[in-house]
Amino acid sequence: MLLFGMAIVAAYGAIVEGTVLGRVTPDFWVPAAILAATFLALHLAIRFLAPYADPVLLPAVALLNGVGVGFLRRLDLSPEAGEAVRDLTVFGGVGGRQLAWTLAAVVGAIVLLAVVRDHRTVSKYAYTLCLIGIVLVMIPALLPSAYSEINGAKLWIIVGGFSIQPGEFAKIMLLSFYAYYLVRKREVLSLASKRFLGVDFPRGRDLGPVIVVWLLSLMVLVFEKDLGTSLLYFGMFVATLYVATERASWLIIGLALFFGGAFSAYYLGKLVGGPFSNFVVRAETWLDPFADAHGGGFQLTQSLLGLGTGGLFGAGPGAGQPGEIPEVHNDFIFAGMGEEIGLFGLTALLAVYLLIVVRGLRTALGVRDSFGKLVAGGLAFTLGLQLFVIIGGVSKLIPLTGQTTPFLSAGGSSLMANWLLIAVLLRISDAARAPADAAPGGVVAPPSHMHGAQTEVIRP
């Protein structure tokens, strides 16, 4: 499956060069070969470090990553760039940098698999990870705009020509804490309740964790000016809470709190402006982007035109004009690709994403301990929610956000964080699929050694 995916990436690169340049260069296969060698190295590392891990995750993610590198290289070769600035070298341009970041991200995934041999050990550092995660989330909000703001969202740490998005790494840390906390508070949160209109709602004093995370998400919305990240953090927590307790009332409370906070931010922005004004601009652009098609709505308008131009089958790889869409290499890569591969091509990509999410949820069902169930389920949901947030933004389903499309968009922070997410899923899937007498890493151990008091079983 991995080699088949890399063959698709190589064929995509050849078609792009033939369309954009009018010829296929002798080195068209080199980026695909480097990616294939990198992912094969990761495959071998997984066989040694997590021999029972889900065999579908790596090929599916590798295909998405490879197609992302191929499309970014297509932007480097675009006629809009001009002959003088075209970069045909392997590691040149945006595509070359993404290829280099892929190598670094895969190394990071291997290191994580080597260091974390049993996912349950992460729970020992839950509070430390929570503190680090909160600090990473809040740093961009506290920095001056010159060192943290790009395109209106304060999500970055910018030093010279280097930038990093710390919130991408914070989501994994915060989720680990959520899972640890909910394993210990599950009975209180799921059993103690009051019935209202036929639905069991938690007691008022048990709402504290939800209120805290809600306030944190509102702070992200207000001070970092980003709806997507706010929705991602809060949705991640509420989904994990639902998995832990199996109570629909938490979903109702979560949706009510989030939408209440979003509407409050919108009306406060209309009345007082200040830190809420950016959200008002995004909301009004979302409501009618064509009202200011050459100003504030230009980005979304071009995105919709690109998707519409692509139609069912697209213009073909390399035959579109994705350069007309601002930030097409980053936030709007899905729209740029849609112009060239059409609805059918985008549906195929979404099917691969769905496969990854489903395998993550299957891992959550199969693993034996509560902490692993919540982490795997939360990570799978987070990946799906992030995809919904960004695709919803570029297709005008929801207001635009600053989220990246996982594994496709340019950006080292997003790519490395998402590969670490996959490494965690691989580690947990190894535990879920391993025989009952296998220790972490595939080493056979007496059953009593592995299934002692620290293993807690809950119903899927």
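The closest side-chain donor-acceptor pair between Glu17 and Thr25 falls under 3.5 angstrom. With 3.5 Å as the limit, one finds a donor-acceptor pair spanning the side chains of Thr404 and Ser414. Between the side chains of Asp369 and His119, at least one donor N or O sits under 3.5 Å from an acceptor N or O.
Side chains of Pro140 and Pro166 form a contact here, defined as non-hydrogen atoms less than 4.5 Å apart. Between Ile390 and Phe334 the shortest side-chain heavy-atom distance does not fall below 4.5 Å. In this structure, Met236 and Gln386 have side chains that are not in contact, with every pair of non-hydrogen atoms separated by 4.5 Å or more. Looking at Thr102 and Phe39, their side chains come closer than 4.5 Å, going by heavy atoms from C-beta outward. No side-chain heavy atom of Phe381 sits under 4.5 Å from any side-chain heavy atom of Thr240. With a 4.5 Å cut-off on side-chain heavy atoms, Leu420 and Val424 do not count as touching. When side chains are defined from C-beta on, Phe4 does not count as touching Leu63, because their heavy atoms never get closer than 4.5 Å. Contact check for Leu174 versus Ile134: side-chain heavy atoms found under the 4.5 Å cut-off.
Checked for salt-bridge contact, Glu340 and Arg74 meet the test: a charged N lies under 4.0 Å from a carboxylate O. Under 4.0 Å is where a charged nitrogen must lie from a carboxylate oxygen, and between Asp76 and Arg73 no such pair does.
Using a 30° and 60° split on the angle between ring planes, Phe259 and Phe263 fall in the tilted class, from 30° to 60°. Ring-plane geometry between Tyr127 and Tyr180 is classed as perpendicular, the angle between the planes exceeding 60 degrees on a 0 to 90 degree scale with a lower cut at 30.
Rounded to the nearest 0.5 Å, atoms CG (Leu75) and NE2 (His329) are 8.5 Å apart. Here Leu42 contributes atom CG and Leu2 contributes atom CG; the two are 8.5 Å apart, rounded to the nearest 0.5 Å. Rounding to the nearest 0.5 Å places CG of Leu426 at 6.5 Å from CD1 of Ile422. Rounded to the nearest 0.5 angstrom, Ile428 CD1 and Arg120 CZ are separated by 11.0 Å. The CZ atom of Phe298 lies 11.5 Å from the OG atom of Ser303; values are rounded to the nearest 0.5 Å. Atoms CG and CD, from Leu103 and Gln98 in turn, are 10.5 Å apart once rounded to the nearest 0.5 Å.
With Val358 as reference, Leu354 is the one residue of Ile356, Leu354, Leu355 to meet the side-chain contact (heavy atoms from CB on, under 4.5 Å) rule. Remark: of the listed residues Leu387, Val394, Val389, Leu387 is the sole one forming a side-chain contact (heavy atoms from CB on, under 4.5 Å) with Thr405. Considering Tyr242, Phe237, Phe371 in turn, Phe237 is the only one that fulfils the ring-ring contact (aromatic ring centres under 6.0 Å, His included) rule with Tyr178.
What you find for Arg47 and Ala53 is that their closest heavy atoms are NH2-O, 3.9 Å. Asp54 approaches Ser429 most closely through the heavy-atom pair N-OG, 3.0 Å. The shortest heavy-atom contact between Gly372 and Val367 is C-CG1, 3.6 Å. For the pair Arg359 and Pro55, the tightest heavy-atom approach, listed with the atom from each and the gap, is NH2-CD, 4.4 Å. Contact between Ala170 and Leu136 at its shortest, heavy atoms only, is CB-CB, 4.1 Å. The minimum heavy-atom distance between Ile391 and Leu350, with the atom names listed, is CD1-CD2, 3.4 Å.
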Subject >> Tyr353 and Leu408: CA distance, side-chain angles, deciding distance, side-chain contact (heavy atoms from CB on, under 4.5 Å) verdict >> reply: CA-CA 11 Å; Tyr353 278 113; Leu408 289 179; 3.4 Å; yes

**OP:** Report the C-alpha separation of Val61 and Asn418 in whole Å, then their side-chain angles, then the decisive distance to 0.1 Å, and conclude whether the side-chain contact (heavy atoms from CB on, under 4.5 Å) test is met.
**Re:** CA-CA 10 Å; Val61 176; Asn418 284 308; over 6 Å; no

**OP:** Assess whether side-chain contact (heavy atoms from CB on, under 4.5 Å) is satisfied between Leu349 and Met337, documenting all intermediate values.
**Re:** CA-CA 10 Å; Leu349 289 180; Met337 295 185 71; 3.8 Å; yes

Original post:
Would Arg97 and Phe91 satisfy side-chain contact (heavy atoms from CB on, under 4.5 Å), going step by step from the backbone distance to the final call?
Top reply: CA-CA 6 Å; Arg97 288 196 297 272; Phe91 290 101; over 6 Å; no

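The number of heavy-atom neighbours closer than 6.0 Å to CZ of Phe290, taken from other residues, nucleotides and ligands shown, is above 12. Remark: Arg433 CZ is packed, more than 12 non-hydrogen atoms of other residues, nucleotides or ligands lying under 6.0 Å away.
With Thr19 contributing its side chain and Pro317 its backbone, the two residues share a donor-acceptor pair below 3.5 Å. Looking only at distances, a side-chain donor or acceptor of Trp286 sits under 3.5 Å from a matching main-chain atom of Lys396. Remark: the backbone N or O of Gln302 is not paired with any side-chain donor or acceptor of Glu324 at under 3.5 angstrom. Remark: side-chain polar atoms of Thr121 are not paired, donor with acceptor, to backbone N or O of Arg117 under 3.5 angstrom. Here the side chain of Lys171 pairs no donor or acceptor atom with the backbone of Thr382 at under 3.5 angstrom. Distance alone, capped at 3.5 Å, places no donor-acceptor pair between the Asn330 side chain and the Ser409 backbone.
Applying the ring pair (Phe, Tyr, Trp, His ring centres under 6.0 Å) test to Phe313 and every residue at least two apart in sequence or in another chain returns Phe344.
The aromatic ring centres of Tyr12 and Trp29 sit 6.0 Å or more apart.
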